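Structure record follows, encoded as structure tokens.
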Amino acid sequence: IGDTLYATQTRFQNTSYASPRLELVTIKNGEVKLDKVQKFDGGWYTFMGGSDAYGPVIASISGFSGFRGDLIISRIINGEWVHEPIDALTAKPEVVFDKNGFLHATYTKQNLADPNRDTIGYATNSPDGVWKAEVVGGEEHEKADAIFSSIAVDQGGAVHISFKNYKDKFLMYKRRLPGASWETFKIDGKGNPVYSRLKIDAQNRLHIAYEKSENIFYGACEGCTIQ
């Protein structure tokens with residue numbers, strides 16, 4: 001972000017995995033600084049986001065048990081780290097700012113009807129600063145099971161989410177235009193595609209990269225975004 005490199009990490013105790021803490025590493029002008037972001041049981045599945053305009057933001061899981069826990073969004077407000085609880089029974093989050101400074105997160109969430117399956121959650125504090133969460137994937141049919149999501153928001157405010165439909169072996173893509181319902185598309189269904197990442201470039205084009213059959217694949221969609 002600007003001339004500063006940020007990274008996040010989980011710090012475990014010397015002899016135990018219990019009660020880890022979330023830390024932020026800042027590198028600027030060759031100097032390395034370490035900050036304790038969370039001092040309680042947090043920092044699992046950390047994801048580092050941020051922007052030049054709004055600074056760093058971290059998504060992480062607290063109270064981790066059975067590979068799931070509480071999603072926490074951590075950011076700096078008035079010079080202090082603020083931790084916002086978003087949703088429960090979650091894992092593997094991502095979080096991004098939109099152009100107006102609101103946050104959008106996606107994550108794996110336990111299927112409440114069947115704890116052996118997962119869904120894809122989405123949460124945002126747009127447009128009023130109040131967090132709202134919903135399930136957006138992994139409920140396409142009674143055996144659906146979704147995992148490994150990624151998120152991007154374009155300059156027009158459209159939200160883009162990719163994820164793996166584990167049971168059907170498809171790489172899926174969801175889009176929601178402002179004021180509209182979610183649209184669903186299948187990106188790739190051959191060779192077990194997984195671990196996707198979405199990115200909006202400076203020209204407002206959508207890019208995706210993912211792993212398939214031990215290779216990295218790339219795609220782009222200029223018509224998926226709006227101005």
Side-chain angles (χ1 to χ4, degrees), residues 1 6 8 22 37-38 42 44-62 68-78 81-112 118-140 146-164 172-185 196-201 204 206-208 221 224-227:
I1 300 174
Y6 294 94
T8 182
L22 176 64
V37 178
Q38 278 180 314
W44 298 92
Y45 287 130
T46 61
F47 179 87
M48 184 87 241
S51 72
D52 290 342
Y54 303 109
V57 60
I58 301 173
S60 63
I61 306 301
S62 179
R68 301 179 183 93
D70 299 326
L71 172 61
I72 305 293
I73 301 296
S74 302
R75 54 182 172 148
I76 299 174
I77 299 177
N78 297 325
W81 280 102
V82 175
H83 311 291
E84 300 174 282
I86 308 302
D87 204 351
L89 299 172
T90 66
K92 302 178 178 67
E94 281 194 16
V95 62
V96 294
F97 283 106
D98 65 24
K99 68 177 183 179
N100 297 315
F102 292 110
L103 290 162
H104 303 258
T106 185
Y107 47 93
T108 300
K109 180 176 175 64
Q110 181 178 294
N111 188 312
L112 298 182
D118 286 306
T119 59
I120 299 301
Y122 164 72
T124 182
N125 64 355
S126 174
D128 55 7
V130 177
W131 281 98
K132 301 160 284 289
E134 61 179 306
V135 171
V136 299
E139 293 186 326
E140 291 77 15
I147 199 169
F148 300 131
S149 59
S150 183
I151 191 168
V153 181
D154 65 35
Q155 291 299 308
V159 180
H160 309 265
I161 295 177
S162 62
F163 63 93
K164 172 64 180 290
M172 306 295 293
Y173 164 63
K174 290 264 189 176
R175 180 180 71 169
R176 189 176 71 182
L177 302 177
S181 300
W182 289 99
E183 304 171 273
T184 304
F185 306 89
S196 62
R197 286 293 180 267
L198 293 177
K199 184 70 175 180
I200 303 290
D201 66 19
N204 202 39
L206 179 67
H207 303 260
I208 187 170
C221 180
C224 291
T225 57
I226 60 174
Q227 297 295 332

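The chain is numbered in sequence order, starting from 1. Computed from a prediction, not measured in an experiment: that's the story for all the values here.
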| field | Residues Leu206, Asp154; criterion side-chain contact (heavy atoms from CB on, under 4.5 Å); working and verdict | value | CA-CA 8 Å; Leu206 179 67; Asp154 65 35; over 6 Å; no
| request: With side-chain contact (heavy atoms from CB on, under 4.5 Å) as the test, would you mind laying out the steps for Leu22 and Ser74 before giving the verdict? | output: CA-CA 10 Å; Leu22 176 64; Ser74 302; 4.2 Å; yes
| request: Can you measure from CZ (Phe185) to SG (Cys224) and round to the nearest 0.5 angstrom? | output: 7.0 Å
| message | Could you report the tightest heavy-atom contact between Val57 and Phe97, atom names first, then the distance? | response | CG1-CE1, 3.7 Å
| At what distance, to the nearest 0.5 angstrom, does CD1 of Ile86 lie from CD1 of Ile72? | 7.0 Å
| message | I'd like to know if the side chain of Thr106 pairs up with that of Glu94 as donor and acceptor (distance under 3.5 Å, no hydrogens or angles considered). | response | no
| message | Would Ser60 and Thr8 count as a side-chain contact (heavy atoms from CB on, under 4.5 Å) here? Give the steps. | response | CA-CA 10 Å; Ser60 63; Thr8 182; over 6 Å; no
| query | At what distance, to the nearest 0.5 angstrom, does NZ of Lys132 lie from OH of Tyr122? | reply | 8.5 Å
| message | Return the CD to OG1 distance between Gln155 and Thr225, rounded to the nearest 0.5 Å. | response | 9.5 Å
| said: Looking at Leu103, is its backbone amide N or carbonyl O close enough to the side chain of Thr124 to form a donor-acceptor pair, meaning the two atoms are under 3.5 Å apart? | reply: yes
| Looking at Ser162 and Ile208, what are the two nearest heavy atoms and their distance? | CB-CD1, 4.0 Å
| field | Side chain to side chain, Leu71 and Ile61, heavy atoms closer than 4.5 Å | value | yes
| task | Give a yes or no answer on whether the side chain of Asn100 reaches the backbone of Phe102 with a donor-acceptor pair at less than 3.5 Å. | result | no
| message | Does atom NZ (Lys199) have a neighbourhood of more than 12 heavy atoms from anything else shown, all under 6.0 Å? | response | no
| said: Quick one, Leu112 and Leu89 - any side-chain contact, counting heavy atoms below 4.5 Å? | reply: yes
| field | Pairwise side-chain hydrogen bond (donor to acceptor under 3.5 Å, both in side chains) hits with a residue in residues 84-93, at least two apart | value | Tyr45-Lys92, Arg75-Glu84, Glu84-Trp131, Asp87-Tyr107, Asp87-Lys109
| note | To the nearest 0.5 Å, atom CG of Leu198 lies from atom OG of Ser150 at 4.5 Å
| message | Please give me the minimum heavy-atom distance between Ser149 and Ile161, naming the atom from each residue. | response | CB-CG2, 4.3 Å
| field | Passing option when Ile151 is tested against Arg197, His104, Lys174, His160 for side chain to side chain contact (heavy atoms under 4.5 Å, CB included) | value | His104
| remark: Rounding to 0.5 Å, atoms OG1 (Thr184) and CZ (Arg175) come to a distance of 11.0 Å
| Quick one: does Asp118's side chain have a donor or acceptor within less than 3.5 Å of a partner on Thr108's backbone? | no
| Non-hydrogen atoms of Pro56 and Met48 that approach each other most closely | CB-CE, 3.4 Å
